[in-house]
**Q** 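Here it is: the structure, laid out below.
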Amino acid sequence: MTPGPKSPQRWIRPGIQALSAYHVPDPGKLVKLDAMENPYRWPPELVEQWLDRLRSVELNRYPDPGACDLSENLKQFMQVPEGMQVVLGNGSDELIQMLALAVAGSDRVILSPDPTFVMYRMIAEVAGLRYQAVPLNGDFSLDPDAMLSAIEQTQPAIVFLAYPNNPTGNLFDAVVVEDVIRAAPGLVVVDEAYAPFTDASFMSRLGEFSNLLVLRTVSKMGLAGLRLGLLAGPAEWLGEIDKTRLPYNINVLTQASALFALQHVATLEEQAQQIRSDRAKLAQALQGLDGIRPYPSEANFILFETPHGDADRVFSALKEQGVLIKNLTSSGGRLQDCLRVTVGKPVENQAFLEALQNALKS
Ligand SMILES: *Cc1c(COP(=O)(O)O)cnc(C)c1O
């Protein structure tokens, strides 16, 4: 059937029509352990000081287009090496989109291991690029031979490596990452969204490789609502990427709030430490449950395998008991039978563990 003259089917790119929109479930009153958020808010006196700061923000004016003050503070806090440049985004998702737009073309390839963060694929598809997924090993480590031969064959414009990886939680072998950076003909973006929860990072390696960029976000460290990400790397690349940025992408409230947060960063760092130590407790508790197999995690979530064929039932049983986590079984492959839980407050982790025990009994 030919589409009508003024129909969306006539005009919307086929690649877009073929997509399904990114679905975020409504948590309602559920204990929310599905989205890698920091569960802690600021102490009341800090909230008061923050609100005082916001009183002086001029909502009638456009933001500082380069967010210079904030950029400088973020560079210092995230230990961006001297001489490297940064571009800020409305969340690191926007920076992934800017990267894709900067290299887009129907013959261009974005390559990532699989499974990984789903936005790499979604953004590649929206921007009209090809997407190449390279299966990880059974233990979710990088398969060096598969990566190097896929890079050789597809000559990707960008390789994305989430480090630690989402949804698996592990760090890739740094030596293999280096081999990938050396072999890649284009950019390699090491996405360090979970930097607050691990000691590993490629930030200090910027400049050592001409094609390495590092991506960070403030989302997982406790400021997901602000939408703020940072891309760091050599000026030759970032100057080009920056041309795809809309002029005022970091709004005045985000600029003021993030600056305030960086002046009180000890609070966020204490929260991250708490989450790291609760992650160990949660992993140990999961390890002790019959039929549950948790994977090692350097992030603020834990991926775990349920008894074969049981993931949907366990997920629903948790939800019925008021706990929302992430069901990954429909992704298939190595994620079949897998669920992912975000590390919450101790009481939330306890509620999750009790609900899981009940689910496994029934
Ligand atoms: C959550 C996540 C992001 C998204 O971060 P935002 O800054 O909130 O857009 C990016 N990369 C990975 C690997 C993530 O898990």
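Just so you know, ligand 1 is whichever comes first in the structure, and atom 1 is the first atom listed for that ligand. Not measured: the values here are computed from a predicted model.
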**Q** Tyr194 heavy atoms, cut-off 4.0 Å: which ligand 1 atoms fall inside?
**A** 1 (C), 14 (C), 15 (O)

**Q** Between Phe202 and Tyr163, does the ring centroid distance fall short of 6.0 Å?
**A** yes

**Q** Decide yes or no on salt bridge (charged side-chain N to carboxylate O under 4.0 Å, His left out) for Lys32 and Asp34, but give the supporting numbers first.
**A** CA-CA 6 Å; Lys32 194 171 184 313; Asp34 66 328; 2.9 Å; yes

**Q** Are Phe172 and Phe140 close enough that their ring centres sit under 6.0 Å apart?
**A** no

**Q** Short question: side chain of Asn211, backbone of Val188 - any donor-acceptor pair under 3.5 Å?
**A** no

**Q** If you count every heavy atom of other residues, nucleotides or ligands that lies below 6.0 Å from Gln17 atom CD, does the total exceed 12?
**A** yes

**Q** Using a 4.0 Å heavy-atom threshold (strictly under), name the region of Glu94 that reaches ligand 1: side chain, backbone, both or neither.
**A** neither

**Q** If the cut-off is 4.0 Å to any non-hydrogen atom of Asp93, which atoms of ligand 1 fall inside it?
**A** 4 (C), 9 (O)

**Q** Could you check whether Arg205 pairs with Glu208 (Lys NZ or Arg NE/NH1/NH2 to Asp/Glu carboxylate O, under 4.0 Å)?
**A** yes

**Q** Report the nearest protein non-hydrogen atom to atom 2 (C) of ligand 1: residue, atom name, distance rounded to 0.1 Å.
**A** Lys220 NZ, 2.4 Å

**Q** Can a non-hydrogen atom of Met119 be found less than 4.0 Å from any atom of ligand 1?
**A** no

**Q** Any chance CD of Glu152 has more than 12 other-residue heavy atoms, nucleotides or ligands included, within less than 6.0 Å?
**A** no

**Q** Which protein non-hydrogen atom lies closest to atom 9 (O) of ligand 1, naming both residue and atom, and how far is it?
**A** Arg227 NH2, 2.8 Å

**Q** Just jot down the ligand 1 atoms closer than 4.0 angstrom to any heavy atom of Gly91, in number order.
**A** 7 (O), 9 (O)

**Q** Numbering the atoms of ligand 1 from 1, which are under 4.0 Å from a heavy atom of Asn166?
**A** 14 (C), 15 (O)

**Q** Checking contacts here: is it the side chain or the backbone of Ser92 that comes within 4.0 Å of ligand 1, counting heavy atoms only? Could be both or neither.
**A** both

**Q** Closer than 4.0 Å to some heavy atom of Ser219 - which atoms of ligand 1 meet that?
**A** 6 (P), 7 (O), 8 (O)

**Q** Do you know the tightest heavy-atom contact between Leu148 and Ala183?
**A** CD2-CB, 3.6 Å

**Q** Considering only non-hydrogen protein atoms, determine which one is nearest to atom 12 (C) of ligand 1 and report residue, atom name and distance to 0.1 Å.
**A** Asp191 OD2, 3.4 Å

